[in-house]
Amino acid sequence: MRVNPPTITSSEAPALAPVRFETSPAAYKHWTFEVEGGIARLGMRVSENDGLREGYELKLNSYDLSVDIELADVVQRLRYEHPGVRVLVIESMVPRIFCAGANINMLGGSTHAFKVNFCKFTNETRLYLEAMSAECGIRTVASLNGTCAGGGYELAMACDEIILQDDGNTAVSLPEVPLLAVLPGTGGLTRLVDKRKVRRDLADVFSTVAEGIKGRRAEEWNLVDKVVPSSRFREYVTDRAAELGEGEGPRGRTPTADGVSIEPLAGEYTDEGVTHRHVALTFEGRVGTITVQAPKQGPPADAAAARANPNDLWFWRMARELDDVLLDLRFNRPEVGTLLVKTEGDASQVLAWDAFIAEHEGSDWFVHEMLCAYKRCCKRLDLTARSLFALIEPGSCFSGSLFELTLACDRSYMLDDPDHPIQIELSAMNRGPLPMSNGLTRLQTRFLGSPETLEAALAHEGPWDSRAAEEAGVVTISPDDIDWDDEVRIAIEERASLSPDALTGMEANLRFAGPETLETKIFGRLSAWQNWIFQRPNAVGEQGALTLYGRPERPVFNWSRT
Amino acid sequence: MGNVDLNARIPNNVALNEDRRLQRALEAWQPKYIDWWLEMGPEGFQADEVYLRTAVDVGRDGWAHFDHVKMPDYRWGIFLSPQDKERVVPCGDHFGDKAWQQVPGEYRNMLRRIIVTQGDTEPASVEQQRLLGRTAPSQYDMRNLFQVNVEEGRHLWAMVYLLHTFFGRDGREEAEDLLRRRSGDVDSPRILGTFNEPVEDWLSFFMFTTFTDRDGKFQLLALAESGFDPLSRTTRFMLTEEAHHMFVGETGVGRIIERAADLMNELGTDEPDKIRAAGGIDLPTIQRWLNRWYSSSVNLFGGEQSSNAATYFASGLKGRYKEDKYEDHVALEGIYSMPMPKNGGISDEEVPLRNAMNELLRDGYIGDCEFVIGRWNRTLEKAGRPERMFLPHRRFNREVGIYAAGDYDIEGNPISDAEWAAKVDGWLPGEADMDYVKSLMKPCLEHGKIASWIAPPKKGINGNPFEWEYVRYDGSSAGVALGATPSLTGD
Ligand SMILES: [Fe+2]
Ligand SMILES: [Fe+2]
């Protein structure tokens, strides 16, 4: 189908080198990583001049996307390559400073779209870190051996435990409101009251004191779990890590378990798109298409066989590739507003893989980890601020785990052509192991207002054909072969004509029905407010606080409130 | 406000008796202060009667009273310079507004930080110097040490008064913490680096009072320009006392230089070993001590380019050294050309004036230090010596600011790690130096006597001769334990 070339009225982003998300320990510039026994130590040592872009220096262990890409890689590798690790200690290798948070000059020089995506990515990374504790039993300890401000404290709050050095100086702080007139952007406020359960009035005081809170009071207010005098600090952290690391991890994460090394995906990135082994991204104007290929072969015989060529396993590789493509789309293709999601291949192979995952994820850490990778990637799709349409066409394989992709979409179109029948089918993957950030499955969220429809769908045995699928409510519409081209074309053209801002807001509102969780609050509430505040003159106007930070002038605010 | 009440439990000119709440708070703090003084103040001499001056007024003449007094009985009081009712905020965005008599809410935390940071240095230096009494080179010098110590104690009172009066419960907690931190303690150190370095010998003491107290002077000068009037008035009066501390330091080093010059002339040599053999301190050693304490003190002005400094100035909390000498008190337009480390070299970069306020203050400080060096060199000149003392470059041996990351030689040129390692022994005190200077630290406690490595002062204190009895030893005194005669004349 052909979409009229869009008229792009404004291009916010200047041409910058595209961001790539794959890295490896040998290429780390900002972190040290060591594993000894069951304890991993991650040391922050940000290299001032190795930021992603020109124009700012990453002083005082402040970070930009390049630092966070490495952090995400560390977390991922820890989970796969070091199954014997029970505890991760995050500390700073820079004297007197743990982390000063996101670099202000970097934020000041970034486009709005970049800031939003930067925050989203850093939030996803912190949630990934946080999930590691629940999913892999790897406990995390933030060892605050120096001042910890803003994003630095938010990183600490993403850990299970925070230990603060008590030396009369070292404080934790969220100085964003008093200093910059913006919000802590990585879940700070939410984790303060929701995770750490800091009393709201104390949280209010804390969030307006730029210099932060130190010593005993930080512990009394539960801003940290423990304050320890400098002379005993290192020893205490080591002892505490050892204590947390006692016993064995879940699903065979034993001290002697062999890791699975992550090899580069080696995708091809061009102006026309991205090509991976199982996932491809292409464009036509402002419309992109993601195509996911079904496996050519079935799953390994058992969990042990999965270790033979782990990087070739379809389920894991597909998840990693899809994840990479989504990040590429977010950061490098800002003008692609509509994304069509397609699949190709043999659905029975997908279902066979699903059965394999369902059978072994409870007992084998690596199989479970593959499941977690796909869970994370589906959430990343939920949180991608583009209009998502699933096109279910002949030759597609939207069953089981891949059916989740259609459920993540804003709409799904399934061709109803008796000459080319298509089927979709549920598997165990649709019944619980791939929850959204609201804690529900995509089907549960979809049928929130109609439990009986949900029951019926879940009780349905075997596949649905197009008409039955529409009737069951599991797809949006199933146009017949006569209407299909027009229906799809018009839907896409109409979508492409609407305000991208309004669509972003609308979609984010509609996608996450149901209960609130820490995650939904972070993305839905905090990020939404942050994105608003980040646009306001009080922050980024000529006399805004963020604009003037580090400059000689003091900000001037417009005092009217909404 | 204004009348001096010397008979109150806490002598003051702030009408403490009219503010019951504040009076009670300060009276509750007082015994804790005395406990701290007994624990951390001059060790071994607390029962002795020391000839000290006490502030009794704030006028230009006759503000001080001299008498023999036991240090724990010293009348630590609260004295502010007289109020100028017409005073305006002297700088920043609020320039020209009426000066604040109360803390503006939006600046409360910043002001508290400023006051706590300043206040922390006062007890810190007492702690750093607490063992020096035992090795005093003369009674005159011992008395000067204790004079400096009690006045640093009074400066702590001055800052605590502000914390108690204007900062509510936070302020009271900070006041307690000022007594809780300990210089050099790993777990509870003083806030600023230099104030955690031990002052173990008298050469260090004189360098400290010359260079580190002089940093204090410049910080006080900047705070004297604060739009928060009570802070300005407090610091103005502190400056009067501070002048004496710098006098002690400058004349102390001067007398050591004088002694070295005399020895060089007597012996007809400038060889350090020979000067040492004669019991003096050679000039290169003095220079190394100078390099150490000067470079450490230069750090205290903070980062060269500082948004905090800009904010303090913009908010009118801290002004420039001699703010009234400037025409533009808003300082939004100006540029400071700052030498920045770049690619292994140094190149000038333009920094907005407000962001360079720390550097501007450091410039004033360095200029002031140059005068001191000039006066020391005049001593050498008068003695007919060709040697000269000098200030290291401001980039030398830095631990704070843009020059902290690299190594620079004594003239400020960037050098490699290897070069630094090869040359550092010539620039900073080494172990052998320390051992030698330590070996000289023998008590010389009887009045009229003086150690071999320092010349006597030109004159004594308050019109009294050098030989006078400035310290009357109690039987329990460390002085007596070290061999001095207990005094019989106590009153
Ligand atoms: Fe002082
Ligand atoms: Fe002083």
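Note that the structure is a prediction, hence the values are computed from the model and not measured. Just so we're on the same page: letters track the sequence lines, and every chain starts at 1.
Between the side chain of A:D166 and the backbone N or O of B:D187, no donor-acceptor pair lies under 3.5 Å.
Among the residues in residues 171-178 of chain A, none has a non-hydrogen atom closer than 4.5 angstrom to a non-hydrogen atom of chain B. Proximity to chain B at a heavy-atom threshold of 4.5 Å picks out A:V209, A:E211, A:K214, A:R216, A:R217 from residues 209-220 of chain A, in numerical order. Residue-level contacts of residues 304-323 of chain B with chain A, in order of numbering, are B:S307, B:A310, B:T311, B:A314, B:S315; threshold 4.5 Å between heavy atoms. Identified by a heavy-atom distance below 4.5 Å to chain A, contributing residues of residues 114-130 of chain B are lacking entirely.
When the shell of 6.0 Å around CH2 of A:W529 is examined, it contains 12 or fewer heavy atoms from other residues, nucleotides or ligands. Residue B:E173 places its CD atom among more than 12 non-hydrogen atoms of other residues, nucleotides or ligands, all under 6.0 Å distant.
Of the two parts of B:E106, neither the backbone nor the side chain holds a non-hydrogen atom closer than 4.5 Å to a non-hydrogen atom of chain A. For B:D177, the part lying under 4.5 angstrom from a heavy atom of chain A is the side chain only. Only the side chain of B:R112 comes within contact range of chain A, with at least one heavy atom under 4.5 Å from a heavy atom of that chain. Looking at B:N109, both its backbone and its side chain come within 4.5 Å of chain A, counting heavy atoms on both sides. For a residue to count as touching a neighbouring chain, one of its non-hydrogen atoms must lie under 4.5 Å from one of that chain's; by this rule A:F233 does not touch chain B.
To the nearest 0.5 Å, atoms CZ (A:R551) and CG (B:N355) are separated by 9.5 Å. If you take CG on A:N169 and CZ on B:R181, they are separated by 7.5 Å, rounding to the nearest 0.5 Å.
Ranking B:R113, B:R180, B:M357 against chain A, the residue ahead of the rest is B:R113, based on heavy-atom pairs under 4.5 Å.
Shortest non-hydrogen contact noted between B:V186 and A:S231 is CG2-CB, 3.8 Å.
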